[in-house]
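Worksheet for the structure shown next.
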Protein chains: 2
Amino acid sequence: MENRRASTENEIIKVALKVFTEKGYKGATMRDIAKAAKVNLAMLNYYFRSKENLFDIIFEKSFLLIYEKLMGAFSSKKPLFEKISAFSNAYIDTFIDNPAIPNFIFNEITHNPAHLANKIKDNQPIMEMINTFQQQIDEEVEAGTIKPVNSFELLLNLLALSVFPFIAKPMLKEVFGFSDLNFGALLERRKTSVARFVINAIKL
Amino acid sequence: MENRRASTENEIIKVALKVFTEKGYKGATMRDIAKAAKVNLAMLNYYFRSKENLFDIIFEKSFLLIYEKLMGAFSSKKPLFEKISAFSNAYIDTFIDNPAIPNFIFNEITHNPAHLANKIKDNQPIMEMINTFQQQIDEEVEAGTIKPVNSFELLLNLLALSVFPFIAKPMLKEVFGFSDLNFGALLERRKTSVARFVINAIKL
DNA sequence: GTCTATAGCGGGATAGAC
DNA sequence: GTCTATCCCGCTATAGAC
């Protein structure tokens, strides 16, 4: 059954993302992944040929998800403050639905920065979107309609405020004793509060 | 010579921090570390008994460094805005001098969140410092001297803005083509601009 | 497609000579 | 203290029965 096969593959990809994230590429064993996905070890190689190929598939999927959501939120011609809201909302929303992805991506950034960087650099629409956003900021600073800020730093700050809570989540939950429910509520609030914070920081 | 031994040990610890950070705990091999430190493989075990013990020593050292710098900057009775400046300045300054530590710590947070979390939870001075800071924010909100903000979110934002550029650094450098010098200059600027950004976001 | 068994290799740790 | 040689385990990947 083609459907059966596809659903088994998707199940493996889903749990493998989690195992790779929690243990790192080398730390995650094919035995771990097989056990978590409740399939035989040999089946993993039957479906995915190799550990590296399985990892690449997951990386590709994760990148595509982020890419599509962000292009939708960020690309159109909107006023600056609306873009800031749309960006943080899209980012936070995507990661609420896919909580393993931020740490998965950050592992990869740390251990193989060129991999993701090249995918971004080689992607013209992304680079244009970033340039347009920075130009928009520079123009508003020039026109005196927002406080003077470095446009790259503002982009960095927006990204930091949106992403950081997800990568720090495992520890924040332990230290401050958040339940899943409470931490989820915090993240929901941030879909609006991050943009409010950033806009307050730069508006006159 | 006791000094010779101590300096060899320190050299190993220094390069091992880098190798563990770049490759992760499992990905880093004792052979990698020996090669990078220019010592024989057997010497590593002679000095540190095991890979795990070497890792623990590095973790302990990294934690202590952050702990001491932050306690100095954050503990005294200062007005809120001064604390915000002192906090971000101390954090960023420490990581400029020790650029591998943020990613090292974040690897550990991802793969073993309870380890660092327990060290923080069990440390009364830290927890008191955090509580005091949050109270201070709540009181100012109550008194109407700053905009209404959730005190935990403000703490989280301050941390995010200070730390995120360091953990994203490897990729940011590749994507935006920063030289070490240019990225260093950006980080230097952030020693003051992060506090300014946060203060602008909450002041009336 | 699914399983068991195993080949083959890389890595942590140590024995033992110097 | 320093080195070489090696033990031994655990992992990826695959052969081959069903």
Side-chain angles (χ1 to χ4, degrees), chain A residues 1-62 100 104 107-108 110-112 115, chain B residues 1-62 100 104 107-108 110-112 115:
Chain A
M1 210 85 158
E2 195 53 35
N3 277 348
R4 172 88 169 285
R5 180 189 166 113
S7 78
T8 302
E9 274 192 20
N10 281 333
E11 176 64 14
I12 292 171
I13 288 170
K14 203 181 105 191
V15 305
L17 165 63
K18 201 157 173 284
V19 177
F20 277 132
T21 302
E22 283 168 1
K23 305 199 174 186
Y25 179 75
K26 284 274 185 178
T29 69
M30 292 295 264
R31 285 170 172 86
D32 287 337
I33 295 167
K35 203 173 174 186
K38 286 169 191 153
V39 299
N40 187 280
L41 169 62
M43 290 310 291
L44 276 189
N45 285 291
Y46 175 77
Y47 280 123
F48 298 99
R49 284 202 328 281
S50 73
K51 182 183 183 179
E52 203 183 343
N53 188 47
L54 174 56
F55 183 87
D56 289 344
I57 288 168
I58 292 169
F59 178 81
E60 213 58 41
K61 242 178 112 91
S62 301
F104 178 81
N107 278 341
E108 185 65 0
T110 307
H111 300 142
N112 193 1
H115 186 194
Chain B
M1 209 84 161
E2 195 52 37
N3 278 348
R4 172 88 168 286
R5 179 188 167 115
S7 77
T8 303
E9 274 191 20
N10 280 333
E11 176 64 15
I12 293 170
I13 287 171
K14 203 181 103 191
V15 305
L17 165 62
K18 200 156 172 287
V19 177
F20 277 132
T21 302
E22 283 168 1
K23 305 199 175 187
Y25 179 74
K26 285 273 185 178
T29 69
M30 292 295 264
R31 285 167 173 85
D32 287 337
I33 295 167
K35 204 173 173 184
K38 288 169 190 153
V39 299
N40 187 280
L41 169 62
M43 289 311 290
L44 276 189
N45 285 291
Y46 175 76
Y47 280 123
F48 298 101
R49 285 201 328 280
S50 74
K51 183 184 184 180
E52 204 185 342
N53 187 48
L54 173 57
F55 183 87
D56 288 344
I57 288 168
I58 292 169
F59 178 81
E60 211 59 42
K61 243 178 112 90
S62 302
F104 177 81
N107 278 341
E108 185 65 1
T110 306
H111 301 142
N112 192 2
H115 185 195

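So that the names make sense, note that chain A is the first sequence line, chain B the second, and so on, each numbered from 1.
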>> Is it true that, when you exclude B:K51 itself, more than 12 heavy atoms of the residues, nucleotides or ligands shown sit nearer than 6.0 Å to its NZ?
In response: yes

Could you tell me the separation between the [atom1] atom of [X] and the [atom2] atom of [N], rounded to a whole number of Å?
X     : N      : atom1 : atom2 : answer
B:M43 : C:dT14 : CE    : P     : 15 Å
A:Y25 : D:dC11 : OH    : C1'   : 12 Å
B:M30 : C:dT14 : CE    : C1'   : 12 Å
B:N53 : C:dG12 : CG    : P     : 15 Å

Just compare [options] and give me whichever is closest to any side-chain atom of [X].
X     : options               : result
A:A42 : D:dT2, C:dT14, C:dT4  : C:dT4
B:T29 : C:dA13, D:dT2, C:dG12 : C:dG12
A:N40 : C:dT2, D:dT2, C:dT4   : C:dT4

> Would B:S7 and B:N10 count as having a side-chain donor-acceptor pair, cut-off 3.5 Å?
Replying inline: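 No, no side-chain donor-acceptor pair sits under 3.5 Å.
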
> Would a 4.5 Å heavy-atom cut-off, applied to side chains only, mark A:N107 and A:F20 as touching?
Replying inline: no

>> A side-chain contact here means heavy atoms from C-beta on lying under 4.5 Å apart; do B:Y25 and B:E108 qualify?
In response: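 Side chain of B:Y25 against side chain of B:E108, heavy atoms only: no contact under 4.5 Å found.
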
>> Quick check: on DNA chain C, is the nucleotide nearest A:K26 upstream (toward 5') of the one nearest A:V39, or the reverse? Name the residue that is more 5'.
In response: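 That would be A:V39.
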
>> With nearest nucleotide decided by heavy atoms, which residue, A:L41 or A:Y46, maps closer to the 5′ end of DNA chain C?
In response: A:Y46

> Which is true for B:A34 with a 4.0 Å heavy-atom rule: it touches a base, it touches only sugar-phosphate, or it touches nothing?
Replying inline: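 Touches nothing.
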
> At under 4.0 Å between heavy atoms, what does B:F48 touch on the DNA or RNA strands: base, sugar-phosphate, or nothing?
Replying inline: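 The residue B:F48 makes no contact with any strand.
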
> Got a donor-acceptor pair under 3.5 Å from the side chain of A:R31 to the base of D:dG10?
Replying inline: no

>> Working to the nearest 0.5 angstrom, can you tell me the gap between B:E22 CD and B:F104 CZ?
In response: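 Output value for this atom pair is 13.0 Å.
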
>> For D:dT14 and A:N45 - does any side-chain N or O of the residue sit under 4.0 Å from the phosphate oxygens OP1/OP2?
In response: no

> Does a nitrogen or oxygen in the side chain of A:Y47 sit under 4.0 Å from OP1 or OP2 of C:dT2?
Replying inline: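 Yes, because at least one side-chain N or O of A:Y47 sits under 4.0 Å from OP1 or OP2 of C:dT2.
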
